[in-house]
Protein chains: 2
Amino acid sequence: MDLYKQLLTYNIKPSIQRVAIMNYLLTHRTHPSADEIFLKLNKSMPTLSKTTVYNTLKLFAEHGAALMLTIDEKNVCFDGDTSPHAHFLCKKCGKIYDLPMASSAKEVMEMKSDGHLITEVHNYYKGICKNCLKDINID
Amino acid sequence: MDLYKQLLTYNIKPSIQRVAIMNYLLTHRTHPSADEIFLKLNKSMPTLSKTTVYNTLKLFAEHGAALMLTIDEKNVCFDGDTSPHAHFLCKKCGKIYDLPMASSAKEVMEMKSDGHLITEVHNYYKGICKNCLKDINID
DNA sequence: GTGCTTGCAAATCGTTTGCAATAGC
DNA sequence: GCTATTGCAAACGATTTGCAAGCAC
């Protein structure tokens, strides 16, 4: 399995659980919370514990294998896509969408960092998504 | 008192508690959490309740009188400065600093919003602040 | 005196911790 | 066998809720 190697490149020892969680992240680009991942995977892996999901996601984030998003004030969410991109949270339906990151956002910010060492860039946008806008217009 | 009028411009009925909390936000630009505000104000207002602090901050955020920041995964923080600017969280000392927002970040993003209606822009940066960097270099 | 605001106590819920059982080299 | 990983149950802590008392116009 390919995910095995991929975890190793991040210096993460692969285990059944870790591979399953990474696989979930990469095949479900919905920016799930730890609880969502647990609930879904628990169906096919009944012995999986919530603790392991939390431990694993934290490990992934620390090793750069996943992004930890704090866009939603209720839950921390996770993203298996670590390439630079922005996120949009719909305040109506709660979905998180990917958006392209403003092209030079990273470079511009390094100039404006005021002497701080920046290691993470998070661009969050909030509002009403196009699907919810549609529903509102119909009303 | 000036804050009285200011709250009214946001359609917020001023009360002793609300004025005190807004005053704290405007005189302490440290991006405090609800709990921090409560602990500080409680000294001079012993009857103030934590519930009121939470209610008030939520009200402020809904009326655009303050920003609700989710940069820190532990606590929601609040900012009385509602002008467009970015935030930097130091992973070592936990302090949140203000940074100028990349000049055209807002405009660029409206072009790239993919049909969603954007009402809030949050630019978060994380890393090590210049003061903590200094300490590390001395070691 | 009606409606909004406050404040207390309890509940909620996402997340973390302690620790024993287990798996992998 | 030793070390890292897992999983359960309990703890934790930030935030919310229910509701009664207080305040303002």
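Only a predicted model underlies this, so the values are computations on that prediction, with no experimental measurement involved. The chains referred to below are lettered A, B, ... by the order of the sequence lines, with proteins before strands, and numbering in each begins at 1.
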From [atom1] of [X] over to [atom2] of [N], roughly how many Å is that when rounded to an integer?
| X | N | atom1 | atom2 | value |
| --- | --- | --- | --- | --- |
| A/Leu48 | C/dA21 | CG | C1' | 16 Å |
| B/Asn55 | C/dT5 | CG | P | 10 Å |
| B/Ile21 | C/dT6 | CD1 | C1' | 11 Å |
| A/Gln17 | C/dA23 | CD | P | 10 Å |
| A/Ile16 | C/dG24 | CD1 | P | 7 Å |
| A/Arg18 | C/dG24 | CZ | C1' | 12 Å |
| B/Lys74 | C/dT15 | NZ | P | 9 Å |
| B/Asn75 | C/dT16 | CG | P | 13 Å |

Can a side-chain donor-acceptor contact be found between A/His85 and A/Asn123 if the only test is distance below 3.5 angstrom? no
Quick one: label A/Thr47 by what it contacts on the DNA or RNA (base, sugar-phosphate, nothing), any heavy atom closer than 4.0 Å. sugar-phosphate
Pick base, sugar-phosphate or nothing for A/Thr51, based on heavy-atom distances below 4.0 Å to the nucleic acid. base
Tell me whether the OP1 or OP2 atom of C/dT16 has a side-chain N or O from A/Tyr54 closer than 4.0 Å. no
Under 4.0 angstrom between A/Lys50 side-chain N/O and C/dT16 OP1 or OP2: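 Negative; the distance criterion is not met.
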Step through it carefully: locate the ring centre of A/Tyr124, locate the ring centre of B/Tyr124, and say whether they are under 6.0 Å apart.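 Yes: the rings meet the under 6.0 Å criterion.
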Quick check for you: name the first and last nucleotides of DNA chain D, 5' to 3', having an atom under 4.0 Å from a heavy atom of chain A. D/dA4 to D/dT16
Residue whose closest nucleotide on DNA chain C lies nearer the 5' end, A/Asp35 versus B/Ser49: B/Ser49
Mind running salt bridge (charged side-chain N to carboxylate O under 4.0 Å, His left out) on A/Arg29 and A/Asp98 for me, showing each step along the way? CA-CA 9 Å; A/Arg29 303 302 186 95; A/Asp98 288 324; 5.6 Å; no
Please state whether the rings of A/His116 and B/Tyr97 are parallel, tilted or perpendicular, taking 30° and 60° as the class boundaries.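 Taking B/Tyr97 first and then A/His116, their aromatic rings sit tilted (interplane angle of 30° to 60°).
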ILVMFWY network linking B/Phe38 to B/Leu57, side-chain heavy atoms under 4.5 angstrom: yes
Around B/Lys95, counting heavy atoms of other residues, nucleotides and ligands shown, do more than 12 lie under 6.0 Å from its NZ?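 No - once you tally the heavy atoms of other residues, nucleotides and ligands closer than 6.0 Å, there are 12 at most.
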Side chain to side chain, B/Leu59 and B/Ile12, heavy atoms closer than 4.5 Å: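 They are in side-chain contact.
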